[in-house]
Amino acid sequence: MAQPPSEKTNEPIVSDPQALANTEASPVEPIEDEREFEDIKPAKSAGAAASKNTTNVNKRPDLSLIESHATATSVATTPAWEAKQKPWYKQPNPMRWGGIKPVPGERQVSPEYKAGFFSALFFQWMAPMMTTGYKRQLELNDLPKVNPARAVDPLTTKMKDSFERRIANGEKNPLLWAMHEVFFWEFWIGGMCQLLSALLQVTSPFALRYLIQFASDAYVASLTGQPAPHIGAGLGLVFGITAMQMLQSLATNQFIYRGMLVGGMTRASLISLIYEKSMVVSGRAKAGGAELSEVAAALLAAEAEGKEKKGPGGPKGAKGSPAGVSGDGIGWGNGRIINLMSVDTYRIDQASGLFHIIWTAPLSLLITLALLIVNLTYSALAGFAVLIVGMPILTRAIKSMFARRKAINKITDQRVSLTQEILQSVRFVKFFGWEGSFLDRLEQFRGREIRSIQILLSIRNAIMAVSLSLPIFASMIAFITYSLTNHDLNPARVFSSLALFNGLRMPLNMLPLVIGQVTDAWSSLARIQEFLLAEEREEEATFDLKAEQAVEMCDASFTWERTPTHDAEGTVGGGAPGPKGPKPGKGPKGGPKPAKRAPSPNASSEEDASTLVEEREPFKLQDLSFEVGRNELVAVIGTVGSGKTSLLAALAGDMRKTSGEVIFGASRAFCPQYAWIQNTTVKENILFGKDLDKDWYSEVIKACALQPDLDMLPNNDMTEIGERGITISGGQKQRLNIARAIYFDADIVLMDDPLSAVDAHVGRHIFDSAILGLLKDKCRILATHQLWVLSRCDRIIWMEGGKIQAIDTFDNLMKSSEGFQQLMETTAVEEKKDETAVTEVTEEEGSAKKNKKNKGLMQSEERALASVPWSVYTSYVRASGTILNAPLVLLLLILSQGSNIVTSLWLSYWTSDKFGYSMGAYIGIYAGLGVVQVLLMFAFMVSLSIFGTTASKAMLRAAITRVLRAPMSFFDTTPLGRITNRFSRDVDVLDNTITDAMRMYFFSVGSIISVFILIITFFYYFAIALVPLFLLFLFATSYYRASAREVKRFESILRSSVFAKFGEGLSGIASIRAYGLKDRFITDLRKSIDDMDSAYFLTYSNQRWLSVRLDMIGNCLVFTTGILVVTSRFSVNPSIGGLVLSYILAIVQMIQFTVRQLAEVENGMNAVERLLYYGTELEEEAPLKTIDVRESWPEKGEIIFNNVEMRYRDGLPLVLQGLNMHIQGGERIGIVGRTGAGKSSIMSTLFRLVELSGGHITIDGVDISTVGLHDLRSRLAIIPQDPTLFRGTVRSNLDPFSEHTDLELWSALRQADLVSADSGPTPPSPIEPAAAESSDNALVPASPTTREQGRIHLDSVVEEDGLNFSLGQRQLMALARALVRGSQIIVCDEATSSVDMETDDKIQATMAKGFRDKTLLCIAHRLRTIIGYDRICVMDKGQIAEMAAPLDLWKVEGSIFRGMCDRSGIRVEDIVSAREELGVSYGTEAASESLQTEEKDDPKKVE
């Protein structure tokens, strides 16, 4: 064939019936076929080309490319790389002569919309775009807009109306019939075309009989000297057969095009419908608690599903009942909805492409049978019997494959979600030195997965081998029967029958495949319908704009939903597949979500534990009554888990109201605890769909202290923010969140602890200028842990255990409530300081981020521009075991193809009785050859699959190991989606698709070449025709690929923008709904879908354009062969003529198939190349093991920093500049300093997440740069800022590698105050959460223990990211984890930033007890937490500004520390009492000693 073309195309596999045979590979979704990142790098304009190295080439391929207003300017110039056109005589290729069309200023309407009949028939309307694409690279504006008749808006509206009408009439399968109604004409025109093509496909081999008969007559006549038939008859037949072939080709192409279009349009409207529904689906349905019969027409869905899984179960169907309750308990989590959108709609799209084969294939089988009976009398029945017996057996075998595939998908899901979890918390995995053990765990999953895949592929290859050879055996049996029943084998009958049997291959292979696709699509359709029928949330609050209060609640009660039931087998300990992002607004619930009813995956306590972790009640709010005035500021306070977040969620419409009423007097804006950030510019994030009002906008920016941040970003407020806000810090996200709520200008603003993630002074500034400033005339409800704000609020709502404990002004509560006074005493109430100094930048890492920004943060994905280099092919073959595997496979291929040809040649020798053997000999050899052929074919396929999967396993292992060993800077600059995409999508290609594509490609190339050799042996003139046709073929393909590649690229970029928008909207539903912006988001998504479709539909039509043209070439070959047979009718034996004709008919359709397969193989190798890059090219950290370190190291925990310098990446400024510090073993050091001063950087150097640029750090006399990373990290413990929990159980989180006993784990939980002091290894008897009993007089501090008791147990389930625990509880878990580890050195990074004062005190007390005599480094946000430590280190600009005992620092007037204390209202007495609490009286030797060393270390002490 041609040498591998110069770049990859990748079209959807299914574009032709033949191509389909390889899509059954796996119903895997095209999720984020993330060519998106690697793909956009064509020069956008002359200017852009120059600056392409500096700009951020792939900010999620520049979404502005996709917006029409932006495109007008950015693409208007011609691309830089072709400044002038060559004169025609210097351009050897005449197809490139003529002017080059400039890029249009805006996208045109699709030419198909106005195309005439013939233009549509031959797809000629594609030509102008193909020509442009051949002469220069296509730009987005070259692609026409979607055909207005196929836009998603009108179609979705029609479909929705039809669907709702059918539900109202109570019809069955309303969604199916709604689809049928909307796409009726397109669908059935395609059906008619397929019918025509099926009829022609059967009749042209039959016409062959007359042509061969004509040749035989002439041959016999010439031998016997009688008059030969007139040549005109022969020529007429040749023309007739060619015309039938032409017509068939056109009909097939129209059928496939219409089918694909219907699929694409259905997919578009379904995605839009799913998105609309997800905006309104109720919380109860999301959690899987709805009893379906409550929902209109849901019974239909139950029937449609045909599964009797809906048990009885009360209206809520969830309380304490087993997992099988109503609504099957799985619920519609975000993961499942995204699955519907990506996988299920794709399956429906796939199935509708070839749907009509379901009824046309049986039809053509019947007609073929009739014709065979005409040809071979009743002997044909014997052959047919083989097919009829074979088909059901094959279908059974294929069915068994579906079950296996399902099981494999489960393992794959587990592997992918484990990979994703590891990567999401990779920093954490590195801190703890857990890479090795996670790799082992992945390796187990992978081993199981590959074994199952190999079994599956072998079964599938056996099926393929048998089904490919069924026609061979059928024809064999028929001919043997025919000759045994005393007929002589007449070449005309035999070879037209052979052609008919070969023609059966298509419908026979396609039928099971299409049936498989259609059954898949049917279950997908049922799922989507079930979702569209799910319960919707009613807006439970009434809006009464005339009400005098802004918010009124009367006896209202609310509930969260129960958590969806889990699969017991899961990733780290138990978990269902599916990417569930954190659901903002449901953030850490006020109050832990209940533990799940899930048998414990840990064998250790399997016997009793699993029965006891019973279904717990979801958290509820009860009997809330209060009103809030139109310009009041109300604070909501309470301990961790008391229901603050829940109260705000209830007001935002996120909890289900069970009784009472809520009245809003105005519009609302909501600022959830987890900031929801869109992947667009900073400005768009703040405007949130409102028009820009410049003055108000700049006021909002000022009030939220965002100006300094904006100045740091590369494009100020036009800077694009990465997905989930990864490119900005926590504090910036939170402030954007607040800015959005203020800018929205609603009259009720709900804020859920918005100040938790920002530094104290920034918080104060926001409180003064935003909450008390810009919002002063609004109703503001603020949940908070910051107790200093209370004295400035109008009233306070004090929550406890889901009920309101008290509502009153600050002064009254101070007077009347003892519990409240206790709460307040923990914070010495601050004098109101008027603070002007709101300086500096963002949250932590400000300095590191500052500089990252200028370079464009995310690295653009490395992308192979030319075709895949040969080195990739050789690495792939090597990965399969040895380089000798390739020649082995090729040898098997040549043998199997050879045996195929020999079998047929033998048949032609037999018909002409060439050797004069007996009948038995001919029959025996014929049958033997057939069997050999099947065996060789099977050997070829199996060897290919086994080698392929082995290679895939080896390459994935190399890649994931290398990625986990990559330095942190790699993860900082690579979007997570891109990495997981390689480990899911690309690995899937390696496992399932690539060996198939190769097999098909080699097979069809082999067949074509062998047939051509066969023909040329007998009709050497054929070679003359072959040469120009071959050149035409090459030309058509390269012509097609030039534009196909670009169109496909735009399609994947545009598709990933649809996926991104969909996922983003889904995760922000709480915000979107609270702001009431549903419609805006739906319109936005529809616009992206149309953009995607404009490219998606073009990928179909340009495939059809190619098919029509390649079929023409193929038909020319048929014509040539026919003419040759007619002209040489006197000299060539008709048996040979018949053989050649029957083969050439079979080969025509293979030709265009080969082109498609080559593209498939290249795409597959693309994936190989990307994995190979990760496995061989990524930079690595230092080795895990170097020198042997003594077991007990570090014994004392003495740390010395000696002139340490550090930068995050080359080319960035130093973050630590000459840091000197000597920490004694067992000393407690508090580290403070403003944002970006380098506090967290100290930690990164200690764990060697970033290597030093200069200086040394020694621990107990060992220089840590000489120790292996694993040894170092496994000997230190850390309590990180964002407490990472992995999916699994509490046990698997505390001790992932089962190195500790249950007793140790329980004691850690007790010390961390996660369980009460008396609970222990025997699980507490399941009790109702005691919260309900806590009454007004219960003292506050007592309540958490009573409440948590019975809630947390070693086998309690932990959801993904630990979202079923509140933030405070997760921080306590992180503390417990450090306690379990028992290291001598503990680093604590702002571990108490999101807990209330009381929990904070608990944590501090635990740290004092649990970490006594250990070295403790604590980076703190709250001064109060560390003033009792031995020494305080004040960082500034990467250096130590001050370091001494807290009291000494306090005494120095004008020291930074003293300033901080004054701002926080900390007095000497506080410091002394804090020391006493920690059990250290002042003036011990340690303290004085530390002072002396301090003086030694740093003579130029405190300025």
Side-chain angles (χ1 to χ4, degrees), residues 28 31-32 34 37 408 411-453 570-572 575 577 579 859 861-862 872 875-876 878-880 948-992 994 1166-1185 1249 1269-1270 1273 1284 1286-1288 1296-1297:
V28 104
I31 295 210
E32 302 216 322
E34 286 204 27
F37 290 90
I408 293 178
I411 308 177
T412 309
D413 278 341
Q414 290 172 0
R415 170 179 61 79
V416 172
S417 46
L418 178 60
T419 315
Q420 200 153 4
E421 268 194 292
I422 297 173
L423 292 175
Q424 265 171 347
S425 5
V426 69
R427 166 163 298 189
F428 188 82
V429 173
K430 285 184 181 301
F431 273 143
F432 274 82
W434 282 348
E435 301 101 329
S437 13
F438 273 124
L439 281 173
D440 294 344
R441 201 178 282 175
L442 271 176
E443 195 57 28
Q444 285 168 5
F445 278 128
R446 186 66 181 152
R448 274 171 48 203
E449 185 184 11
I450 285 288
R451 266 196 309 282
S452 329
I453 288 179
T571 27
V572 187
Q859 307 281 297
E861 185 159 23
E862 80 306 324
V872 174
S875 315
Y876 181 62
R878 283 215 174 84
S880 71
T949 42
T950 318
S952 160
K953 184 176 180 181
M955 293 181 87
L956 176 66
R957 186 189 311 119
I960 192 113
T961 313
R962 191 74 176 243
V963 166
L964 281 185
R965 300 276 302 108
M968 274 319 294
S969 57
F970 168 72
F971 296 97
D972 290 339
T973 54
T974 311
L976 204 103
R978 188 191 301 166
I979 307 177
T980 44
N981 179 51
R982 290 208 182 181
F983 290 141
S984 50
R985 185 86 191 109
D986 289 345
V987 170
D988 180 74
V989 171
L990 258 72
D991 286 349
N992 300 304
I994 191 168
N1166 208 336
V1168 174
E1169 188 178 17
R1170 293 163 55 162
L1171 263 188
L1172 190 70
Y1173 175 83
Y1174 270 18
T1176 53
E1177 306 285 312
L1178 292 186
E1179 49 176 333
E1180 294 190 273
E1181 289 186 305
L1184 290 177
K1185 269 258 179 278
L1249 284 192
L1269 286 185
H1270 182 260
R1273 290 172 183 167
T1284 305
F1286 293 98
R1287 188 184 299 77
F1297 310 111

One should read off an interatomic distance between Ser425 OG and Phe432 CZ, to the nearest 0.5 angstrom, of 11.5 Å
| message | Are Arg965 and Leu1184 packed together at the side-chain level, in the sense that at least one heavy-atom pair is separated by less than 4.5 angstrom? | response | yes
Exercise. What's the verdict on side chain to side chain contact (heavy atoms under 4.5 Å, CB included) for Val963 and Ile979, showing C-alpha distance, side-chain angles and the deciding distance?
Worked result: CA-CA 9 Å; Val963 166; Ile979 307 177; 4.3 Å; yes
Between Tyr876 and Gly948 the two heavy atoms that sit nearest each other are OH-CA, 3.5 Å
CD of Glu435 to CD1 of Ile960, rounded to nearest 0.5 Å, is 12.0 Å
Taking every heavy atom of Ser969 against every heavy atom of Glu1179, the minimum-distance pair comes out as OG-OE2, 4.1 Å
Heavy atoms of Val416 and Phe983 approach each other most closely as CG2-O, 4.3 Å
request  = Dump the intermediate steps for side chain to side chain contact (heavy atoms under 4.5 Å, CB included) on Leu956 and Asp991, then the final yes or no.
outcome  = CA-CA 10 Å; Leu956 176 66; Asp991 286 349; over 6 Å; no
Taken to the nearest 0.5 Å, the spacing of Met955 CE from Thr950 OG1 works out to 12.5 Å
Practice prompt. Under the side chain to side chain contact (heavy atoms under 4.5 Å, CB included) rule, what do Thr419 and Arg415 come out as? Steps first, then yes or no, please.
Written response: CA-CA 6 Å; Thr419 315; Arg415 170 179 61 79; 4.1 Å; yes
inquiry  = Quick one: does any side-chain atom of Arg962 pair with a main-chain N or O of Glu1177 as donor and acceptor, under 3.5 Å?
reply    = no
Does the pair Ile422 and Arg441 meet the rule for a side chain to side chain contact (heavy atoms under 4.5 Å, CB included), with working shown?
-> CA-CA 11 Å; Ile422 297 173; Arg441 201 178 282 175; over 6 Å; no
Within the side chain of Arg982, is there an N or O that forms a donor-acceptor pair under 3.5 Å with the backbone of Arg1170? yes
CG (Leu418) and CZ (Phe1286) are apart, to the nearest 0.5 Å, by 9.0 Å
Between Leu1269 and Ala1182, the two heavy atoms sitting closest are CD1-O, 3.3 Å
pair Val987-Glu449: side-chain heavy atoms closer than 4.5 Å: no
Residue set satisfying ring pair (Phe, Tyr, Trp, His ring centres under 6.0 Å) with Phe431, at least two apart, ordered chain then number -> Phe1247
To the nearest 0.5 Å, atom CZ of Arg451 lies from atom CD1 of Ile408 at 11.5 Å
side-chain contact (heavy atoms from CB on, under 4.5 Å) filter on Arg957, not counting sequence neighbours, yields Glu443, Lys953, Thr961
In terms of heavy-atom contacts, Leu1249 and Glu1181 come closest through O-OE2, 4.3 Å
So Leu1178 and Tyr1173, do their side chains get closer than 4.5 Å, heavy atoms only? yes
Heavy atoms of Lys430 and Leu964 approach each other most closely as NZ-O, 2.7 Å
